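Contents: one structure, followed by commentary.
All of these numbers come straight from a predicted model, not from anything done at the bench. Throughout, residue positions are numbered sequentially from 1 according to the sequence presented.
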Amino acid sequence: GILALMKAVNAALTPDQVEVNLLRSGSITQDLAADGAATLDSRYGYGLIDALLAVQQAQSLASGGAVPPVWLVSPARVDLGNNLSEVTVQTSVNPATAGLTLVNVTSDSPWVSAQPVAAGGSLQAGDYRVVVDRTGLAEGTHEGHVLFNLADGHVDLTVGMRVGPLIGSGDAGYLYVFLMDAKTEAVVKQVAVGLMNNVYSYTFNNVPDGAYYVLAGSDLDNDFQICVPGRESCGAYPSQEYKTQVVINGGRATGIDFSVGFYDSYAAAGFATSTGQSTGILRRRNP
């Protein structure tokens, strides 16, 4: 309803303007976190949207109003599964010509940290290496947060990982597992599997030598599309955000284990259709 009001006063309003320029800047929300910073946090998101502010800001953009700078972290959540020890996230300032002061980068858990990738380690927009240390942690799933602390608030990067083997904890629906060519992203093989003893077991036979990605998801509405955001489960090896190539060269690959769950967005996952066109949804073949 609020988006309809915004479009009524600014018909040219785009999704990027709403998310990046307005939501992430705190221009149309009331922050609910105790720190009072109008930035993303894992509990309250970007806060409570204010209809009046939203319409006013949409009007301002329509009349050429200034766009507030926003510190962006992409993706906003990373999952390292049970075998990755580090990943890289991208940070930037929108608009690119505006500046924000990054005071420091901290975390709320001792097992996760982040450092700039650039030589010299200066605190500025760019790539940051996020590292986890599983030493001494109890077996199970862990979640922590990297905080990019700005002069007037912080941006929260949620980091998830697991210690120990993957153990099923629920039914993600009937799954379709895809073996995809890592270069063309064409679907090479596909199998359908059901849950048994809290585990989905799959096998691809007679796989030609090459590099592949392994992805899986449900098709609960039976429309021949898996991984529909918010409605169907999805996953990739070794994790949703950082799929890794599985190389076959005259032998076999085992232990290609990963978790599958329900998520709201797959923009960072890089899924593709069988024709190689990038998309957030993977189409399954008509049985």
Side-chain angles (χ1 to χ4, degrees), residues 74-75 78-90 127 129 160-162 164-168 171-229 231-263 265-287:
S74 180
V78 294
D79 184 351
L80 285 80
N82 70 332
N83 55 1
L84 292 181
S85 59
E86 66 176 60
V87 294
T88 299
V89 299
Q90 296 178 330
D127 290 346
R129 182 177 295 106
M161 62 93 169
R162 180 172 179 83
L166 294 173
I167 300 174
D171 191 340
Y174 198 68
L175 296 185
Y176 297 88
V177 189
F178 290 81
L179 186 71
M180 299 174 60
D181 186 285
K183 183 176 182 180
T184 65
E185 294 193 332
V187 176
V188 178
K189 289 182 178 291
Q190 170 189 321
V191 295
V193 295
L195 184 68
M196 183 175 295
N197 297 324
N198 266 346
V199 174
Y200 290 92
S201 297
Y202 69 95
T203 301
F204 294 114
N205 295 312
N206 302 316
V207 177
D209 288 351
Y212 302 92
Y213 295 124
V214 180
L215 307 94
S218 62
D219 182 19
L220 299 180
D221 55 9
N222 203 35
D223 66 349
F224 304 109
Q225 295 181 353
I226 69 170
C227 297
V228 175
R231 300 205 308 268
E232 295 172 344
S233 59
C234 206
Y237 173 78
S239 70
Q240 184 80 352
E241 296 89 353
Y242 292 92
K243 66 182 189 292
T244 300
Q245 293 182 10
V246 178
V247 178
I248 302 296
N249 185 15
R252 59 184 298 185
T254 60
I256 313 301
D257 302 328
F258 57 97
S259 59
V260 174
F262 293 86
Y263 302 91
S265 174
Y266 304 109
F271 296 125
T273 64
S274 57
T275 60
Q277 178 184 358
S278 294
T279 180
I281 298 174
L282 193 69
R283 297 181 182 274
R284 67 179 177 88
R285 295 172 183 168
N286 194 330

### Query
For Q245, does the CD atom have more than 12 heavy-atom neighbours from other residues, nucleotides or ligands under 6.0 Å away?
yes

### Message
Restricting to salt bridge (charged side-chain N to carboxylate O under 4.0 Å, His left out), what partner residues turn up for D209, sequence neighbours left out?
### Response
none

### Task
Identify the heavy atoms of C227 and A216 that sit nearest to each other, and give their distance.
SG-O, 3.9 Å

#### Entry: Residues V193, V177; criterion side chain to side chain contact (heavy atoms under 4.5 Å, CB included); working and verdict
CA-CA 8 Å; V193 295; V177 189; 4.0 Å; yes

#### Entry: Side-chain touch V188/V207, heavy atoms, less than 4.5 angstrom
no

### Query
Does the side chain of L84 reach to within under 4.5 Å of the side chain of M161, using non-hydrogen atoms?
no

#### Entry: Where S233 and L175 come nearest, the two heavy atoms and their spacing
OG-CD2, 3.5 Å

#### Entry: Closest non-hydrogen atom pair, F204 against K189
CD2-CB, 3.7 Å

### Summary
Note: L220 and G173 closest approach over all heavy atoms is CD2-CA, 4.4 Å

### Message
Using every non-hydrogen atom in the two residues, find where I248 and G251 come nearest and quote the distance to one decimal.
### Response
CG2-O, 3.8 Å

### Query
Could you state the interatomic distance from CD (E232) to OG (S218), rounded to the nearest 0.5 Å?
5.0 Å

### Query
Taking all atoms of both residues into account, what is the closest heavy-atom pair of M180 and L215, and its distance?
SD-CD1, 2.8 Å

### Query
Which distance, rounded to the nearest 0.5 Å, do you find between the CG of D181 and the OH of Y213?
9.5 Å

### Summary
side chain to side chain donor-acceptor pair (under 3.5 Å) filter on E86, not counting sequence neighbours, yields R129

### Query
Has the side chain of D223 got a donor or acceptor atom that lies under 3.5 Å from a matching backbone atom of Q225?
yes

### Partner set under side chain to side chain donor-acceptor pair (under 3.5 Å) for N249, not counting sequence neighbours
none

### Query
Considering residues at least two apart in sequence or located in another chain, which fulfil the side chain to side chain contact (heavy atoms under 4.5 Å, CB included) criterion with T88?
V117, D127

### Task
Just jot down the side chain to side chain donor-acceptor pair (under 3.5 Å) partners of T244, sequence neighbours excluded, or say none.
none

### Query
Judged by atom type as modelled, is there a donor-acceptor pair below 3.5 Å linking the side chain of D219 to the main-chain atoms of F224?
yes

### Query
Which residue, V260, L195, D257, forms the side-chain contact (heavy atoms from CB on, under 4.5 Å) with Y200?
L195

### With I256 via side chain to side chain contact (heavy atoms under 4.5 Å, CB included) - residues at least two apart
Y202, V214, Y237, V246, A253

